[in-house]
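Quantities reported herein were computed from a predicted structural model and do not represent experimental measurements. What's counted below: heavy atoms across the whole structure, side chains too, no hydrogens, waters or symmetry copies.
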Amino acid sequence: MTGAHVVVRLEKGKAPDQETLLDAAHLALHFSDARGEPQADVAYTRVKHVRKPKGSAPGAVTYSQEKVLLLRVEPRRIERLLGEEEAE
């Protein structure tokens, strides 16, 4: 299933905390083809492991050294995140 890309800016060498990772995963799921599903797998990796293949369509990427998170959707989290975006 195709998905959305979410980039979380972190200090060099730092890993995202659990809440930041869950927020990013919820946004990726919300803006993917899996929107509306109660749960889905979300892959994540560091940006240095993301590549755009030559000649591929805009937005198409490959990645390596990923981890996969089985995400159970929390509708209130998505509402909060989208509400924060509208407020900005």
Side-chain angles (χ1 to χ4, degrees):
M1 195 172 295
T2 60
H5 307 117
V6 177
V7 177
V8 176
R9 291 185 184 263
L10 300 169
E11 291 182 36
K12 190 170 183 162
K14 299 284 185 178
D17 60 61
Q18 189 69 19
E19 287 303 306
T20 301
L21 183 59
L22 287 173
D23 284 352
H26 273 82
L27 288 172
L29 184 61
H30 179 74
F31 291 105
S32 76
D33 288 347
R35 181 188 292 190
E37 296 292 327
Q39 68 181 31
D41 287 335
V42 177
Y44 65 98
T45 191
R46 294 195 171 273
V47 72
K48 68 182 179 181
H49 302 297
V50 178
R51 300 281 183 261
K52 182 182 184 326
K54 282 190 176 199
S56 64
V61 297
T62 61
Y63 51 86
S64 61
Q65 298 190 27
E66 72 275 8
K67 294 180 182 176
V68 178
L69 174 70
L70 175 59
L71 183 68
R72 294 182 196 277
V73 176
E74 299 173 39
R76 288 191 176 154
R77 185 182 293 261
I78 293 174
E79 288 172 14
R80 175 182 57 81
L81 293 166
L82 295 177
E84 288 175 1
E85 181 182 50
E86 289 175 5
E88 291 179 3

Check your understanding: Roughly how far apart are Glu84 CD and Asp23 CG, rounded to 0.5 Å?
Key -> 7.5 Å
Point to revise | Straight-line distance of Glu79 CD to His30 NE2, nearest 0.5 Å | key: 10.0 Å
Practice item. For Pro53, enumerate each residue passing the side chain to side chain contact (heavy atoms under 4.5 Å, CB included) test, keeping only those at least two apart in sequence or located in another chain. Key: Ser56, Thr62
Point to revise | Single-linkage hydrophobic cluster, 4.5 Å side-chain cutoff, Leu81 and Tyr44 together | key: yes
Exercise for review: Kindly compute the distance separating CG (Leu27) from CG (Leu22), expressed to the nearest 0.5 Å.
Suggested key: 11.0 Å
Exercise for review: Could you give me the CA-CA distance, side-chain angles and deciding distance for His26 and Glu74, then say whether side chain to side chain contact (heavy atoms under 4.5 Å, CB included) is met?
Suggested key: CA-CA 8 Å; His26 273 82; Glu74 299 173 39; 3.6 Å; yes
Point to revise | Residues Glu11, Lys14: salt bridge by 4.0 Å N-O rule | key: no
Revision key, fill the gap. Shortest non-hydrogen pair, Lys52 vs Ala60, comes out as CG-O, 3.6 Å
Practice item. Only counting residues at least two apart or in another chain, list the ones meeting side chain to side chain contact (heavy atoms under 4.5 Å, CB included) with Thr20. Key: Val8, Pro16, Asp17
Point to revise | From CG (Leu82) to CZ (Phe31), nearest 0.5 Å | key: 5.0 Å
**Study point:** Cluster link Leu21 to Val50, ILVMFWY, side chain under 4.5 Å
**Key:** no
Review point. Between Val73 and Glu37, does a side chain to side chain contact (heavy atoms under 4.5 Å, CB included) hold up when you go through it step by step?
Key: CA-CA 8 Å; Val73 176; Glu37 296 292 327; 6.0 Å; no
Point to revise | Nearest-0.5 Å distance that lies between atom NE2 in His5 and atom OG in Ser32 | key: 11.0 Å
Study note, to complete from the structure: CZ (Arg46) and CG (Leu10) are apart, to the nearest 0.5 Å, by 7.0 Å
